[in-house]
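Scroll down for the structure; my scribbles are underneath it.
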Amino acid sequence: MTQEKKKKKTRQQVYTLLVQVGRKDGDGLPDEATGGALMIYASGVDEAEAVRETVAILKQADLNPLDVTGYGTVEEREAQGHEIDGHERGLMQRALDENSVVVAQLTPFYHGEESEDAATTEH
């Protein structure tokens with residue numbers, strides 16, 4: 001019973017994070033890529049912990065995290081009007097069950113793509 005009480009007190013949640021990465025030797029990105037973006041579901045007692053754990057794991061995987069944007073918990077995203085499908089919910093549940101970081105998608109960037117996105121949002 002002691003373990004059950006401890007589990008209830010931790011209140012782990014899953015946070016959706018978008019991590020931009022730069023190039024680093026051995027990062028596994030395509031040779032022509034200039035960087036990339038990863039959509040990640042990470043568990044933590046708060047978003048700051050989820051970000052710290054994610055950055056640490058990505059660095060261990062020889063990736064070069066440059067920027068992290070947090071989109072909140074599933075409840076926060078739903079309140080913002082985000083549609084979350086069953087596949088995405090399954091990945092989130094896996095991150096929660098395993099107290100882990102799950103990379104849902106990797107999008108490599110090629111020359112100029114990063115700045116095109118930034119220029120579009122400035123208008």
Side-chain angles (χ1 to χ4, degrees):
M1 260 172 90
T2 306
Q3 289 179 343
E4 287 178 358
K5 288 181 182 178
K6 286 182 182 177
K7 284 185 181 179
K8 289 180 183 177
K9 288 182 182 179
T10 59
R11 303 214 170 125
Q12 293 279 328
Q13 295 189 69
V14 175
Y15 296 87
T16 302
L17 307 173
L18 178 66
V19 181
Q20 292 188 21
V21 296
R23 293 309 313 252
K24 183 177 176 185
D25 286 341
D27 60 15
L29 293 171
D31 290 341
E32 308 82 29
T34 56
L38 294 94
M39 180 62 69
I40 291 179
Y41 305 116
S43 66
V45 294
D46 58 23
E47 192 169 69
E49 180 187 52
V51 168
R52 284 190 303 272
E53 292 294 323
T54 298
V55 169
I57 287 170
L58 293 177
K59 285 181 177 182
Q60 287 177 358
D62 286 333
L63 289 167
N64 182 23
L66 301 174
D67 185 57
V68 179
T69 302
Y71 290 92
T73 63
V74 67
E75 294 83 11
E76 292 168 336
R77 289 184 55 204
E78 287 173 329
Q80 295 171 11
H82 294 200
E83 291 186 25
I84 303 169
D85 66 25
H87 177 69
E88 192 173 2
R89 287 181 189 278
L91 293 172
M92 290 175 175
Q93 188 61 50
R94 179 178 168 199
L96 185 61
D97 292 345
E98 297 175 2
N99 188 25
S100 65
V101 172
V102 174
V103 177
Q105 183 177 349
L106 166 65
T107 303
F109 291 145
Y110 297 93
H111 185 68
E113 286 182 330
E114 307 88 13
S115 58
E116 284 178 21
D117 290 339
T120 304
T121 58
E122 289 178 3
H123 292 271

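Numbering of residues begins at 1 and proceeds along the displayed sequence.
- Closest non-hydrogen pair, N99 versus S43, comes out as OD1-OG, 2.7 Å.
- Residue M92 holds its CE atom at 14.0 Å from CZ of R94, rounded to the nearest 0.5 Å.
- Inter-residue side-chain proximity for L29 and L106 is flagged as met; some heavy-atom pair is nearer than 4.5 Å.
- Contact record, G70 with L17: CA-CD2, 3.8 Å, taken as the closest heavy-atom pair.
- A salt bridge does not link R11 to E49: none of the charged side-chain nitrogens sits closer than 4.0 Å to a carboxylate oxygen.
- By the criterion of side-chain heavy atoms lying less than 4.5 angstrom apart, applied directly or through intervening Ile, Leu, Val, Met, Phe, Trp or Tyr residues, L91 is grouped together with Y71 in one hydrophobic cluster.
- In this structure, Y15 and E47 approach most closely via the heavy-atom pair CZ-N, 3.5 Å.
- Note on L18 and V21: separate hydrophobic clusters, where clusters join Ile, Leu, Val, Met, Phe, Trp and Tyr whose side-chain heavy atoms are under 4.5 Å apart, directly or indirectly.
- Here the closest heavy-atom approach between residue Y41 and residue A104 is recorded as CE1-CB, 3.3 Å.
- Looking at L38 and Q105, their side chains never come closer than 4.5 Å, going by heavy atoms from C-beta outward.
- No single ILVMFWY cluster, assembled from side-chain heavy atoms under 4.5 Å apart, contains both V102 and I40.
- The only member of D67, V103, L58 that meets side-chain contact (heavy atoms from CB on, under 4.5 Å) when paired with V19 is L58.
- Hydrophobic clustering, with ILVMFWY side chains joined whenever heavy atoms are under 4.5 angstrom apart, keeps I57 apart from V14.
- Taken from CG in L66 to NZ in K24, the straight-line distance is 11.5 Å, to the nearest 0.5 Å.
- Contact of the T54 side chain with the V68 side chain is not registered, since no non-hydrogen atoms from C-beta on lie closer than 4.5 Å.
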Stepwise side-chain contact (heavy atoms from CB on, under 4.5 Å) test for V45 and Q12: CA-CA 5 Å; V45 294; Q12 293 279 328; 3.6 Å; yes
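- By the neighbour-count criterion of 12 heavy atoms within 6.0 Å, atom CD of E32 is densely surrounded, having more than that number from other residues, nucleotides or ligands.
- A donor-acceptor distance shorter than 3.5 angstrom exists from the side chain of E76 to the backbone of T73, with no hydrogens or angles considered.
- Between D27 and G22, the shortest heavy-atom contact is OD2-O, 4.0 Å.
- For the pair R77 and E88, the minimum side-chain heavy-atom distance is below 4.5 Å.
- Atom OG1 in T34 sits 8.0 Å away from atom NE2 in H111 (nearest 0.5 Å).
- Using a distance-only test at 3.5 Å, with no hydrogens or angles considered, no donor-acceptor pair links the side chain of Q20 to the main chain of A37.
- Minimum interatomic distance between P30 and Y110 (heavy atoms only, all atoms of both residues): CG-OH, 3.5 Å.
- Within the 4.5 Å cutoff, no side-chain heavy atoms of H82 are placed close to those of T16.
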